[in-house]
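Worksheet: the structure to be examined is printed underneath.
Computed from a predicted structure; not experimentally measured. We count ligands from 1, going down the list as the structure has it; atoms in each ligand are counted the same way.
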Amino acid sequence: MEGRCGRCWVSKNLVNHEVEANPRADPTIRKEKVILCKHCVDSAPTDALLFWEIYMRFGSTRELLQHYNSETEEDALRKLCIERDLNEREVIRRARGQQNADALNNAVKKANAFLTYASPYGYDYVNGILQVKQEEARVVSLIFRRYLEGRGIAKICQELNRDGYRTKTGRAWASQTIANILSNPVYCGLSRLNGGIKRGKHDPLIEIDTFNRVQNEMQRRIRRPDQRKTETPHLRLEDYVD
Ligand SMILES: [Zn+2]
């Protein structure tokens with residue numbers, strides 16, 4: 001097929017993809033056809049609102065973050081909802097519904113990266129609260145343990161891929177994903193909120209001491225001294241009261 005993917009602009013492996021029309025557009029139009037590459041079809045959300053308002057507008061999570069000058073997907077999504085006059089709660093509800101549907105399918109996860117921001121690897125959102133997902137939680141513990149045993153992030157990544165583990169979206173592990181896990185305070189029971197940190201309602205997977213040791217170790221392993229932070233934040237649970 002001639003042309004380019006309507007989302008990521010590649011010109012290979014194109015297919016005709018029929019989707020429901022945007023529910024906010026003309027209600028008399030039921031279905032629309034778009035040309036997408038195979039990769040974009042595979043990771044497309046089935047929810048039409050998410051598909052048109054988020055997925056088709058950005059070729060990657062990075063683009064989304066850059067567009068809104070945001071550090072987190074949560075913040076970018078909030079700005080997107082304001083800009084597009086969308087109800088943020090409704091969008092998040094749909095994104096979580098999408099995740100649950102994918103979990104039920106038990107096939108390769110279709111949820112795209114933007115739609116999974118709400119549930120970090122190791123957890124699933126159930127009724128608005130992060131619930132431990134045992135098989136993923138074991139991998140999170142393994143990652144922290146291996147790192148403190150002295151393994152490098154690239155090495156841990158290789159091991160996980162070799163042993164057949166996959167990320168939430170069903171893809172192979174990348175070093176950045178592992179680095180993100182090692183530095184995400186969600187794993188010791190905290191959650192990030194509007195640039196700050198607060199105590200979460202979820203069960204921790206990692207002791208806070210372990211988490212702090214990993215943060216120190218990550219700083220220590222940075223080769224260029226000018227890239228090290230002068231002070232590694234030392235988290236204490238008692239600093240975060242509900
Ligand atoms: Zn594409």
Side-chain angles (χ1 to χ4, degrees), residues 1-26 29-86 88 90-121 124-125 157 160-161 164-181:
M1 190 183 296
E2 292 278 306
R4 288 181 180 278
C5 170
R7 177 170 180 260
C8 74
W9 217 241
V10 304
S11 49
K12 279 185 192 161
N13 300 322
L14 299 176
V15 286
N16 253 316
H17 185 56
E18 198 181 53
V19 278
E20 275 180 54
N22 190 337
R24 300 212 306 163
D26 183 347
I29 302 169
R30 290 276 177 78
K31 294 270 182 189
E32 284 192 47
K33 274 189 181 145
V34 277
I35 294 174
L36 289 177
C37 72
K38 186 85 180 57
H39 173 80
C40 287
V41 167
D42 285 346
S43 53
T46 42
D47 183 281
L49 183 76
L50 301 174
F51 180 86
W52 291 107
E53 295 287 348
I54 307 175
Y55 191 72
M56 284 303 284
R57 289 184 60 209
F58 303 99
S60 66
T61 307
R62 229 178 97 219
E63 268 182 37
L64 173 81
L65 296 183
Q66 280 176 353
H67 181 85
Y68 291 105
N69 195 19
S70 292
E71 293 212 342
T72 64
E73 290 165 40
E74 199 170 356
D75 182 57
L77 197 62
R78 188 175 308 119
K79 290 175 179 168
L80 180 146
C81 288
I82 293 167
E83 182 194 88
R84 303 287 299 158
D85 195 26
L86 288 161
E88 191 188 345
E90 170 70 4
V91 169
I92 289 175
R93 194 186 61 75
R94 282 170 181 257
R96 287 181 188 152
Q98 172 80 36
Q99 282 185 294
N100 292 342
D102 286 334
L104 282 176
N105 280 337
N106 205 20
V108 174
K109 289 276 172 70
K110 275 193 161 190
N112 184 56
F114 329 133
L115 311 174
T116 58
Y117 80 92
S119 95
Y121 185 84
D124 271 331
Y125 256 107
C157 186
L160 291 178
N161 288 327
Y165 292 104
R166 290 294 175 262
T167 66
K168 265 221 182 300
T169 50
R171 306 214 169 116
W173 288 86
S175 294
Q176 189 57 52
T177 318
I178 291 172
N180 291 344
I181 287 179

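- Salt-bridge annotation for Glu83 and Arg57: present, with a side-chain N of the basic residue lying under 4.0 Å from a carboxylate O of the acidic one.
- Shown here for Val19 and Trp52, the closest heavy-atom pair between the two residues is CG2-CZ2, 3.4 Å.
- With waters neither drawn nor counted, the protein N/O/S atoms under 2.8 Å from the Zn ion (ligand 1) amount to 4.
- With rounding to the nearest 0.5 angstrom, the OH atom of Tyr68 is 11.5 Å from the CD atom of Glu63.
- Between His17 and Phe51, the angle of the ring planes lies from 30° to 60°, which puts this pair in the tilted group.
- A pairwise comparison of heavy atoms in Leu14 and Gly3 identifies CD1-O, 3.2 Å as the closest pair.
- A donor-acceptor pair under 3.5 Å is formed between the side chain of Asn161 and the backbone N or O of Trp173.
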